[in-house]
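Remarks on the structure that follows.
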Amino acid sequence: MTTDPVEMERRLHGKRLLVVEDEYMIALDIAGTLESLGVQVVGPVGSVREALAIVNREEERLDAAVLDINLRGERVYAVADALLARHVPFIFATGYAELLLDKAYMRIPRCEKPIDKRELIRQLATAMDQAH
Amino acid sequence: MDRETGREQGRAPASSELLRLVFESAKDYAIFSLDPEGRVTSWNPGAERLLGYAAREIKGHSADVIFVPEERAAGAAEEERRRALSDGRAEDERWQQRKDGSRFWASGLMMPLADRRLGFVKILRDRTDQHRAEEQLREAEQRFRLLATNVPQLVFLARADGSRTWPSPQWIDFTGMSAEASAGFGWLEAVHPDDRAHTLAAWETARAAGEYQAEHRVRRGSDGSYRWHQTRARPIAGSSHHAVLFGDQVDWVGTMTDVHDLRTLHDRQQVLMAELQHRTRNLLAITQAIATQTLRKSASLKDFQLEFENRLRALSRVQMLMSSVDYKDIDLGELLGGELRAHDGNSLEGGRVHFDGPSVALPAAAAQALGLALHELATNAAKHGALSQADGRLDVTWRLEDDDEGRTIVLDWRESCVAMPRLDGTRRYGYGTELIERALPYQLGAKTRLAFKPDGVHCHISVGLGPKVSKA
């Protein structure tokens with residue numbers, strides 16, 4: 001484990017990360033941030049259906065994922081479950097306060113919107129660290 | 001007396017002597033005798049003390065004077081003597097009157113003497129203090145009943161284990177359960193099955209805490225619906241009263257208050273607060289993303305400032321429209337009109353701009369994305385296109401198409417008579433282009449076509465209104 005930002009960014013280099021976010025501009029923002037660190041972004045996609053298709057197709061090749069919780073009114077939990085089943089670490093990026101988060105996913109790390117990029121990187125690096 | 005009689009073993013003192021001693025020494029008792037007509041024949045010191053008449057002044061006179069005037073006039077004295085004769089004794093409690101006119105509450109007993117020709121003996125005791133205390137207690141009880149049966153709560157009395165001994169009429173009215181059916185733990189029947197366990201468990205902790213508190217749904221008898229109630233109970237402060245009032249076994253008094261509306265309101269407020277927070281955060285995230293994207297496509301900081309401010313204004317126009325309809329559906333015509341007016345208030349009157357289509361209710365999410373896209377088209381038109389040139393024309397038309405997948409809006413943005421900037425064959429991939437060609441398909445599943453024709457920009461957008469869009 002490290003807290004050094006540079007080390008954390010280095011850790012993301014070359015990894016395959018799924019981005020699920022239905023707001024195009026935000027998706028682009030997250031994807032752009034990750035790509036600038038040498039991440040291979042899978043997606044972004046904006047619906048549960050598309051995200052599930054990718055998770056099923058990618059199988060173990062995904063290193064991590066960033067999930068928005070509310071996708072066009074649909075909760076992302078089906079995607080979260082699929083990732084948990086494949087031991088792929090992921091974090092939530094959400095505008096929802098703890099209050100509305102399903103209790104089953106309380107222990108999943110969260111980045112609150114608007115997203116602080118350094119926080120996003122730190123959360124992702126930590127999640128990937130803990131998965132190994 | 002002891003010394004004198006005690007020596008003579010087994011012999012009781014003469015009863016006449018005993019009586020004399022009692023008669024003379026019983027200070028707290030008025031003891032006197034009356035002839036058959038009610039005239040005083042003897043009067044003990046207790047009577048002197050209690051009634052204020054000296055023996056010598058009342059002997060030979062009627063004892064009726066100790067009755068209060070209204071009872072005396074009604075014949076209470078004669079009635080007492082009549083009863084003593086017929087029943088062997090007349091016993092009662094009533095107000096009596098002293099020589100000075102003051103009154104006291106007396107417990108009295110009158111008996112005829114064995115030789116009835118001699119008349120009666122009467123014994124009186126002053127019980128004013130006890131009487132007052134009893135009256136106060138009765139008043140207290142009345143006040144309690146008045147309160148308990150008239151407050152807008154369901155009141156009950158219970159034992160320390162939660163078993164109930166008395167339900168107020170309000171409980172019976174509300175639940176439709178009789179007092180008998182509610183007794184013991186019968187009242188639980190009116191509590192929602194899911195709430196019974198914690199309702200009972202709270203009684204376990206209540207004994208130690210000295211206070212019972214629970215919230216639960218209680219069934220309304222009239223329509224079978226459940227309403228949230230807050231129930232609180234406390235042990236009745238250890239007083240001698242409560243045993244008198246309610247019997248020894250009752251220990252707790254409680255109220256059940258209907259908090260249903262309050263609770264429903266509270267729940268709704270929480271959802272609203274969360275929703276508001278979600279919207280705010282989302283809006284901030286979009287603003288952040290617009291800033292990043294605008295920055296990426298801006299040649300200078302000045303460019304950035306201008307573009308960013310314009311986009312924020314467009315965003316806030318859509319937000320204002322959305323909040324004015326409480327985040328429900330937004331009319332496409334209004335959205336478009338607002339956007340065009342923001343760019344050029346006069347162009348709408350000049351006949352160069354024409355827009356037409358049926359009334360269409362856009363879901364909030366679609367409205368936001370479309371609003372931003374229309375803003376980009378209008379901005380471009382105002383800078384380089386139809387709105388920037390005297391001869392330029394802008395026609396925006398839309399229609400609805402229904403098919404198996406649901407309803408689709410098809411919108412045409414057509415600029416004409418525009419002298420286009422020299423086309424060098426390359427496409428300008430600006431922010432607006434990206435928004436229309438990528439963002440709309442991405443988040444609304446829209447089909448878009450953007451073309452820079454020789455006489456002006458032509459944009460075609462079709463958005464499904466099916467089940468796909470619902471996010472605010």
Handout entry: Positions in residues 285-292 of chain B that reach chain A, provided some heavy atom is under 4.5 Å away
Key = B/Ala285, B/Ile286, B/Gln288, B/Ala289, B/Thr292
Distance check, rounded to the nearest 0.5 Å: [X] atom [atom1] versus [Y] atom [atom2]?
X	Y	atom1	atom2	result
B/Arg281	A/Ile115	CZ	CD1	11.0 Å
B/Arg438	A/Leu28	CZ	CG	8.0 Å
B/Leu283	A/Lys113	CG	NZ	11.5 Å
A/Met25	B/Gln293	CE	CD	6.0 Å

Handout entry: Heavy-atom pair of closest approach, residues B/Tyr442 and A/Ala27
Key = OH-CB, 3.7 Å
Under the rule for side chain to side chain contact (heavy atoms under 4.5 Å, CB included), what residues qualify as partners of [X], not counting sequence neighbours?
X	result
B/Ala314	B/Arg317, B/Glu339, B/Leu372, B/His375
B/His192	B/Asp194, B/Asp195, B/Arg217, B/Tyr226
B/Glu334	B/Leu321, B/Asp331

Could you tell me whether [X] atom [atom1] has more than 12 heavy atoms of other residues or ligands within 6.0 Å of it?
X	atom1	result
B/Arg296	CZ	yes
B/Leu301	CG	no
B/His198	NE2	yes
B/Arg196	CZ	yes

Completion exercise
Turns out that what part of A/Ala93 lies under 4.5 Å from chain B's heavy atoms comes down to neither
Problem - A/Tyr24 side chain near B/Pro441 side chain, heavy-atom distance below 4.5 Å - result: no
